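Reading through the structure tokens given below for one structure.
Every chain is numbered from 1, with letters handed out A, B, ... down the list of sequences. Since we're looking at a predicted model, the values are computed, not measured.
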Protein chains: 2
Amino acid sequence: MSEPRWLDATQQRDWRAYVDGSVRLTEIMDRDLKAKHGLSVSEYEILVRLSEAPERRLRMAELAANASQSRSRLSHTCSRLESKGLVRRDSCPSDKRGVIAVLTAEGFAALERAARDHVETVRNHFIDVIEPDDLEAIGRAFTAVLKKMTGGA
Amino acid sequence: MSEPRWLDATQQRDWRAYVDGSVRLTEIMDRDLKAKHGLSVSEYEILVRLSEAPERRLRMAELAANASQSRSRLSHTCSRLESKGLVRRDSCPSDKRGVIAVLTAEGFAALERAARDHVETVRNHFIDVIEPDDLEAIGRAFTAVLKKMTGGA
DNA sequence: GCAAACTAGTTGAAGCTTCAACTTTTATCG
DNA sequence: CGATAAAAGTTGAAGCTTCAACTAGTTTGC
């Protein structure tokens, strides 16, 4: 096997900053949401995606894709949310295999409450700490990353 | 409580791109390292930090801080690495409470092998996908995030 | 119209992380 | 000095994620 194309010093520095920063960032988001609202980040994400869907309902597979979770993980997470009363499962009329996750009124209320605090945390540790130009660069960069992954290319 | 300072459309877009992208990115890194080398990302990180330390040894607390892991998590991870023969635990002469994690020769070899593949994955999905200027912006941004978190301010 | 292949979703076990409790040693300070 | 507090690590249980196996329904192709 040929010699790998190692990162140069600058690339290494930038990559590391990202890795460390993002680990710490998600840790904070998680701790914060859990402490104030008893939700994990992945539960929160599910609620967000559902809240944005038409009629606040989505097929499991689509929800999983939206939230970048595996189907299995979504199943478990959904069960937890269901037992908290934040989500309900309906059966799908057009496909008997299908299951539709529905955000309950209670779930929507919980999300509204959580979002108020969450946005503050996101601002304090991310948005307001970063130069607007750099934030745009981040958006561009990660959009490209996502496109590369999902779009195939 | 006052009305939260919601993100505007652009901020929201950028933040989401980052969240989704980073989730997918770590998932790939993890799957890749695990499949080819039987290492999780957090195990890999431990090996990296140790390999860069003088004499490839570090106090547990320092290692935990370097790798952004909790002490407890490091303890468990270290036990796993130890049972794989990649890390050894020495006692600390100056502080009888202390434990020093040492990278074994085998551990260093495993790291070298893993790093060759890992750098390729990092390039394919991140470095080579992003404009150099945007990469620099990421470095700047996440350095600021880290500074805000650890530096206090 | 039926068998083979595929898709949707769930389940339980195994693995990893988090949390709180605990032991041992060191630092603080009256 | 001696007591109290604080720090270093570990441990086990509980919680979440991953993985592989499974059920059930749908599609394909002959």
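For A:Arg71, the side-chain atoms get nearest to C:dA8 when compared with the rest of C:dA8, C:dG9, D:dT10. Side-chain proximity of A:Lys96 to the nucleotides D:dT10, D:dT18, D:dG25 is greatest for D:dG25. Checking D:dG25, D:dG12, D:dC19 against the side-chain heavy atoms of B:Arg31 singles out D:dC19 as nearest. Distances from the side chain of B:Ser42 to the nucleotides C:dT17, C:dG9, D:dA8 place C:dT17 closest. The B:Arg73 side chain lies nearest to C:dT18 when the options are D:dT18, D:dG9, C:dT18. Each of D:dT11, D:dT18, D:dC16 was ranked by its minimum atom distance to the side chain of A:Arg80; first place goes to D:dC16. Ranking C:dT17, C:dT24, D:dT26 by closeness to the B:His76 side chain, first place goes to C:dT17.
For A:Leu74 and C:dA8, the CG to P distance is 13 Å, given to the nearest whole Å. The CG-P distance, from A:Leu58 to C:dG9, rounds to 11 Å in whole Å. Regarding B:Met60, its CE atom lies at a distance of 12 Å from the P atom of D:dA8, rounded to whole Å. Rounded to whole Å, the distance from CD on B:Gln69 to P on D:dA8 is 17 Å. Straight-line distance from the CD atom of B:Glu82 to the P atom of D:dT10: 9 Å, rounded to whole Å. Taking atom CG of residue B:Leu81 and atom C1' of nucleotide C:dG15, one finds them 14 Å apart after rounding to whole Å. Residue A:Asp30 contributes atom CG, which lies 9 Å from atom P of D:dT17 at whole-angstrom precision. Atom CD1 in B:Ile100 sits about 12 Å away from atom C1' in D:dA8, given to the nearest Å.
A close approach under 4.0 Å does not occur between any side-chain nitrogen or oxygen of A:Arg97 and OP1 or OP2 of C:dT10.
Residue B:Ala61 is the one, among A:Ser72 and B:Ala61, whose nearest nucleotide of DNA chain D lies closer to the 5' end (criterion: closest heavy atom). If A:Arg59 and A:Glu27 are placed on DNA chain C by their nearest nucleotide, the residue sitting closer to the 5' end is A:Arg59.
Side chain to side chain, B:Thr104 and B:Arg88 fail the donor-acceptor criterion of an N or O pair below 3.5 Å.
Using cut-offs of 30° and 60° for the angle between ring planes, the A:Phe142 and A:Tyr18 rings count as tilted.
In this structure, B:Leu146 is not a member of the same hydrophobic cluster as B:Trp15, with clusters built from ILVMFWY side-chain heavy atoms closer than 4.5 Å. Following chains of ILVMFWY side-chain contacts shorter than 4.5 Å, one cannot reach B:Val48 starting from B:Val102, and the two form parts of different hydrophobic clusters.
Of the possible donor and acceptor atoms, none in the side chain of B:His118 sits under 3.5 Å from a partner among the backbone N and O of B:Ala114.
Within 4.0 Å (heavy atoms only), B:Thr77 reaches sugar-phosphate atoms of the nucleic acid but no base atom.
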